[in-house]
Amino acid sequence: MSAMSAGRYWGRIAAVAALALGLACKREERRFNATYPSAPAYASVTLDTLQPGVPSPELTVKSPAEGNAYDIAQGKLLFAQWNCTGCHSHGGGGMGPPLMDNEWIYGSSPENIVATIVEGRPNGMPSFRNRITANQLWQLAAYVRSMAGLEAKGPSPGRNDEMQYKVDEQRTPFRTPRASSSKTLPAKSQRP
Amino acid sequence: MTVVGEIPAEAGRQAERPLRPVVNVSDLPNVVYGSRVVTWWGTIGFMAAETATLSACVASYYYVLRNYESFPPLRTPLPDLFIPTISLIVLVLSLIPCYLFARAAKRLDKPATLRWMWVAVVVMLIATALRVMEFRSLNVRWDANAYASVAWAVVFAHFTLLLADTLETLLFAVIMQTREPTRYYPGVAEDTFYSYFMVAVWIPCYVTVYLVPRWV
Amino acid sequence: MPAEHAVDTDPNSPASLHARLERVWRNGPGLWGWLTSVNHKSIALRSIITAFTFFGIAGVEAALMRVQLARPENSFIGPDLYNQLFTTHGSAMMFLFAVPMVQSVALYFVPIMIGTRNVAFPRLNAFGYWTYLIGGVLLFSGLFTNTGPDQGWFSYVPLAGPGFSPGKRVDIWAQMITFTEIAAIVAAIEVIVTVFKQRAPGMSLNRVPLFVWAMVVMSFMVLVAMPYVATASAMLAMDRLIATQFFNYTEGGDALLWQHLFWFFGHPEVYIIFIPGLGMVSAIVATFSRRPVFGYTAVVLSLVAIGFLSFGLWVHHMFATPLPQTGQTFFTAASAMIAIPTGVTIFCWIATIWSGRPRFDTPMLYVVGFIALFTIGGLTGLLLASVPVDLQITDTDFLPGHIHYVLLGGMVFPLFGALHYWFPKVTGRMMSERLGKVSFWLLFIGVNVTFFPQLLLGIAGMPRRVYTYLADTGWGGLNLTSSIGAGLIAVGIVVLVINIARSLAAGAAAGADPWGGETLEWAISSPAPDYNFAYIPIVHGRSALWADTGDLDAVAGLREDRREVLQTTMLDAVPDSRHEHPDPTIVPLLTALAVGVGLIWGILDPIGFDVGAVLTFIALAAWGWPQKTKPNTHEIVEVPK
Amino acid sequence: MTWAGSIFDTAGSPAERIARLAWFLIIVSAVTYLLVLAATGIAMRRARVRRTQGELADTRPETGKRLTRNVAIATTLTTLILLVYVSATALTGKAIAWPLNAQQPLTIEVTGHQWWWQFRYRDSLPSNWLTTSNELHIPVGRPVRVILLSNDVIHSFWIPELHGKQDLIPGHRNTMWIKADRPGVWKARCAEFCGHQHAKMAFDVVAESPAQFAQWYVRQLASALPPTDSSAKHGYDVFVQRTCIMCHSINGTEAGSNVGPELTHIASRPSLAAGSLPNTRVNLTRWILNPQLIKPGVRMPPNALSPADMTALLDYLETLK
């Protein structure tokens, strides 16, 4: 009877579906006990592409929080709990500069945002050196990038259970940072 | 009481029971109307499922209504009445051609059925277009607050019914136009039966979404 | 399959009639024939195998969880994987095994029990299976790629909402619900319309077999209950994907709205799973007690009463929430009331055995096991329905104990009994009695050793859904016993699978009617031919085959060159009209794929939902488009007066 | 039968009434179950006799009448049992309802967070409101009104020894009451699935005499004393200058963040990490260095501290009696 041969065909369909979704592994991983790279040293992070003579070598640190739904969601939670909204007000800006737009005074790549948090910046950005652990830094950086639409849409968080103030990150239109406003070299900044 | 003869004590017989034909049904009709045809009952089944879906949305609407002190919530404008009312009227008017082509179908009168079917398709397409404009007359985006979400849910749920009915009527019209229609007349008559349901079930939804915010 | 005889010349000899009908009714050859089949038995058997596969996977998940809980502070599985395991175990058992399995058994046996050749809407039946398959593959693809839902099978909202469940895990759960609900509603409509319009002549409503009655009552409950969870899961998916505010309490939504919507479906769902169990028990008890079930009308009215009452007691899942106290006591009374019709059905079966001549083969053993286990489940249910006691034992391990006693006792045992009872009819071979009894006792002892300790753990205060517990709580011993019991169940299932495999290969030939049953399916050869009945039989009494042992009166005149089915009036089954069924077609599969594209791409990007909708409408147009008209079709029209 | 920690080991009047009702229902259910099993057993044994004597099934009308009578009796019996059952439930329900004549109850506001508990003792004098976490003290004999709020997802407040459970649902203000009739220390736990660490979201309940409770209350109200010896001072600097200050608050110091549990009197609590670790120096070290090893998924990050800083921090935390 065709039941047994049916089993084989059906098995093949299931295998193909599982393979197709294999790529979802990384995005949905809950890394509780992973060791994240520590914050880059102050001098090593270049803030702008404009440099005299031969530009010094580019420091690239692969942020594990990039494109991971759990880490970006943790970043969103910390952003609200540690009162970053006090100055940046959910990304719209207030005392602090807006984080949803395309203006990146100190660079938009993860290590630049981590350096900004650790070092602090003039006109009021406090320094959180030794205050925030390494993995939370990268989670915060990933969330800040998702507010500006620099993260992939899949892992970006949806709305949260508060009064609605802006379009949630998942539906923020995707864009690449403008080259002029930051040190982003075209090669590196193209990849989301 | 059931007639139970001597029940075979032991189970088991290998051969199948021989069937001795005693009645001949070859003269029974194979094109019948109304509840004698199977698809009529299938439509009733889908009507039950769609009524349950709409009742879930309308129940959520009244549940959410209870959560607000002032309804619709502050700074949320009332939905307009102009376009929705016109859309309702056009929808009810679309029943007239539906009734006419159903009657013609019952009389196996092809030209009359076809004429009224195309009129019904046009009126229903107008009703669908008005419904799409109706979403804007809700005056609120679906993600503004819970009131907006449930209002959109009720209107969108019925919109799928309207779209399905319109496309079904269009499909039947094309089939009647291009094929020898005898066996499709019952289907056409039953399509009208679904249109009556689709319009009837919109009335309470219309009252809920457009009139209740004004009365509460 | 009876061997293909040489085509003998006599036109109305059974063999040549069989050959002619077989040529019209059989599926196409090879894979294309398999994908385009609209034969209710091929689709139902395929669906039963799929449901058993999901049962096996979910069973392995349960075993993994029991290993993790065997010792306190065990590190076999971390919390994240454990949450995915218990959620997919619950969701798969409820949505991918229980409901589809009973509906597939219905779609296989209801047509041959009421004497017709196919279900009312063959293509809709195929579409139902494909949608169910896509939903199941979606859920388990999620699990195997670390994207399995991890918020519990009833997915309470703030945790399952966009704020506290990052990623696409809950979306996969919500879309799986939509797939399985479409399949369930479609199968329910199939069963209702087939029983209403295509019964054998003479089978008036009071001569319909009890199994068929149970399936009709279940189908009506599905029609009303399933849309509620389809709407609720659509609302949850929209909350997560396009930021609607249904359950956002700061914007007017409410977490309890989800609980109301879900449990208004949730409680009828468990009765939807349990009532077919009653139907299977009725079929088995009658045959093995050698007499019709005692109090036919009482049992039918009880089934209908259970169907109605089950919609009135969903709040007993929400006693610990801030709902008004008086409302909750009303639901205690409603929950107690439903025990009366259930009691009536059980008393009627005991009366049947009492006045019958029972033979305790494996199916009958499973019926006795059902009575023993389900009554414990029912009585622990009464404990849970009493508000004060519920406040102490809800959300503790008492609840999984109750659920498994009711569902394993109320549905899985009758199902395994029905498997042994109808296996000969499906495959033409008997299952071994010896292995059957071994697997029964293993399962019976295993269920008790696994779930009675969980009832005690609930009373000892262990919360449910915990991936581990501290050593000083003293729950280690009972959990270890429960894990050992789970091992017993696993062995029982393995013995059952061995029994199935061995019987498929070398079981004794069963013949048409190995048990001497009373319903029509025992009148035809096993496995049944694709067209079921050469001539549609005429029924003269409630026990169709026990009325007389001679030849069965039958109806001739249906066309032998077309797939024609006899339709009868709803109340007294008087022959009314003939209806031609569609030929095998690929369109149901394409429509299911279009719905699949819509719902799965909709998770990744809301635009996918619109594309899917357009594809689905195109596929439905192809579905409605008439198949090519065959030569010499002559229509007899009867216009309403 | 006081099975320790179970719902029958009661220390409060509501739980005691519920336990009595539970026993009554279990006994009624057991009797019903035995009756059903007996009926099935007799039916099976009696009917087997027919097989041995080769008789056929007995479908005579008089047997039918007798069986109808038996089924009717059984159904009436079932209905009566259910009536008894529902009335017992209603009576107990009334008995465990809020005692209207309660004299000036103590009000405690419980807020559920993802995987820890926050208690606010709302004294009649607002300046005396006390906020602690993961440990609940209640005076014996005095009814306590509990207000249940949630900060994120649905949790469930459940002390088996005192009363049934009530859910903490965000957006709802649920209330219940508890009363301890005898002193004792119990482990209570969250009963509604609330995420990764639902399993280890417990808290300690200490019921003590009103005098001891008043003493405890005054001690808890006092803010932390500045450290005296050098190691504790260095520990204080580590606490204030490293990652702890971002989430924890200690009254009387600059640390004031309410993201995580409040630690003003951490040393006086019987357990750490929401009731899942006994409060010893070794456990505190393991917990601070890497909480993910003990409660994977918890919001507290691993902290890389040098051994010197670690011992200083521990010395400081142990001064917070």
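Proteins come first, then strands; the chains are lettered A, B, ... in the order of their sequence lines, and each starts at number 1.
- Residue with the most contacts toward chain C among Leu168(D), Thr75(D), Ile26(D): Thr75(D) (heavy-atom pairs, distance under 4.5 Å).
- A pairwise comparison of heavy atoms in Gly152(C) and Phe86(C) identifies CA-CE1, 3.6 Å as the closest pair.
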Under the salt bridge (charged side-chain N to carboxylate O under 4.0 Å, His left out) rule, what do Glu62(D) and Arg66(D) come out as? Steps first, then yes or no, please. CA-CA 6 Å; Glu62(D) 56 276 10; Arg66(D) 194 162 44 79; over 6 Å; no
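- Within the 4.5 angstrom heavy-atom criterion, no atom of Asn248(C) approaches chain D.
- Per-residue counts of heavy-atom pairs under 4.5 Å with chain D were compared for Ile459(C), Asn83(C), Ile350(C); the largest is that of Ile459(C).
- Interface remark: Ala385(C) contributes backbone and side-chain atoms alike to the contact with chain D (heavy atom separation under 4.5 Å).
- Once rounded to the nearest 0.5 Å, the distance linking CZ of Phe76(C) with OG1 of Thr468(C) reads 13.0 Å.
- The residue among Thr473(C), Val387(C), Leu256(C) with the most heavy atom pairs within less than 4.5 Å of chain D is Leu256(C).
- Most heavy-atom pairs under 4.5 Å with chain D, from the set Thr332(C), Leu383(C), Thr329(C), Val344(C): that is Leu383(C).
- Between chain D and the options Gly378(C), Ala372(C), Pro341(C), heavy-atom pairs under 4.5 Å are most frequent for Ala372(C).
- Residues Phe193(D) and Trp153(C) keep their aromatic ring centres 6.0 Å or farther apart.
- In terms of heavy-atom pairs under 4.5 angstrom with chain C, the leader among Thr78(D), Thr32(D), Thr68(D) is Thr68(D).
- When heavy atoms are compared at a cutoff of 4.5 Å, Phe374(C) does not approach chain D at all.
- Once rounded to the nearest 0.5 Å, the distance linking OG1 of Thr63(D) with CZ of Arg291(C) reads 8.0 Å.
- By number of non-hydrogen pairs under 4.5 angstrom with chain C, the leading residue of Lys200(D), Met176(D), Arg173(D), Lys295(D) is Lys200(D).
- Contact of Ser289(C) with chain D is made through the backbone alone, with heavy-atom distances under 4.5 Å.
- Using a 4.5 Å cut-off between heavy atoms, Val86(D) touches chain C through its side chain atoms alone.
- One distance of note links SG of Cys194(D) with CZ of Arg465(C); it measures 11.0 Å at 0.5 Å rounding.
- Neither the backbone nor the side chain of Gln84(C) has a heavy atom closer than 4.5 Å to any heavy atom of chain D.
- Of all the listed residues (Ala72(D), Ala202(D), Ser29(D)), the one sharing the greatest number of non-hydrogen pairs under 4.5 Å with chain C is Ser29(D).
- Chain C forms the most heavy-atom pairs under 4.5 Å with one residue out of Pro14(D), Gly164(D), Cys190(D), and that residue is Gly164(D).
- Heavy atoms of Asn70(D) lying under 4.5 Å from chain C are absent altogether.
- With chain C as the partner, the residue from Gly195(D), Ala22(D), Pro170(D), Pro160(D) showing the most heavy-atom pairs under 4.5 Å is Pro170(D).
- In this structure, chain C has no heavy atom under 4.5 Å from any part of Ala95(D).
- Remark: Gln114(D) CD to Arg299(D) CZ distance equals 4.5 Å, nearest 0.5 Å.
- The shortest heavy-atom contact between Gly275(D) and Asp204(D) is CA-OD2, 4.4 Å.
- Heavy atoms of Leu37(D) lying under 4.5 Å from chain C belong exclusively to its side chain.
- In this structure, chain D has heavy atoms under 4.5 Å from both the backbone and the side chain of Phe347(C).
- Contacts of Ile169(D) with chain C are made by side-chain atoms alone, with heavy-atom separations under 4.5 Å and no backbone atom involved.
- Within the 4.5 angstrom heavy-atom criterion, no atom of Ser335(C) approaches chain D.
- Using a 4.5 Å heavy-atom threshold, the side chains of Asn279(D) and Ser271(D) count as separate.
- Chain D forms more heavy-atom pairs under 4.5 Å with one residue of Pro463(C), Ala298(C), Ala333(C), Pro388(C) than with any other, namely Pro388(C).
- Using a 4.5 Å cut-off between heavy atoms, His172(D) contacts chain C through its side chain alone, with no backbone atom that close.
- Using a 4.0 Å cut-off between a side-chain N of Lys or Arg and a carboxylate O of Asp or Glu, Glu16(D) and Lys179(D) do not qualify as a salt bridge.
- From Phe452(C), atom CZ reaches atom CG of Leu478(C) across 10.5 Å, with rounding to the nearest 0.5 Å.
- Interface remark: Leu293(D) contributes no atoms to any contact with chain C (heavy atom separation under 4.5 Å).
- Going from atom CG of Asp390(C) over to atom CZ of Phe398(C) covers 9.5 Å, rounded to the nearest 0.5 Å.
- At a threshold of 4.5 Å between non-hydrogen side-chain atoms, the residues Leu384(C) and Ile393(C) count as touching.
- Phe164(C) has its ring centre no less than 6.0 Å from the ring centre of Tyr156(C).
- Phe247(C) does not touch chain D: none of its heavy atoms, backbone or side chain, sits under 4.5 Å away.
- The candidate with the highest count of non-hydrogen atom pairs below 4.5 Å against chain D, out of Leu159(C), Ile346(C), Thr375(C), is Leu159(C).
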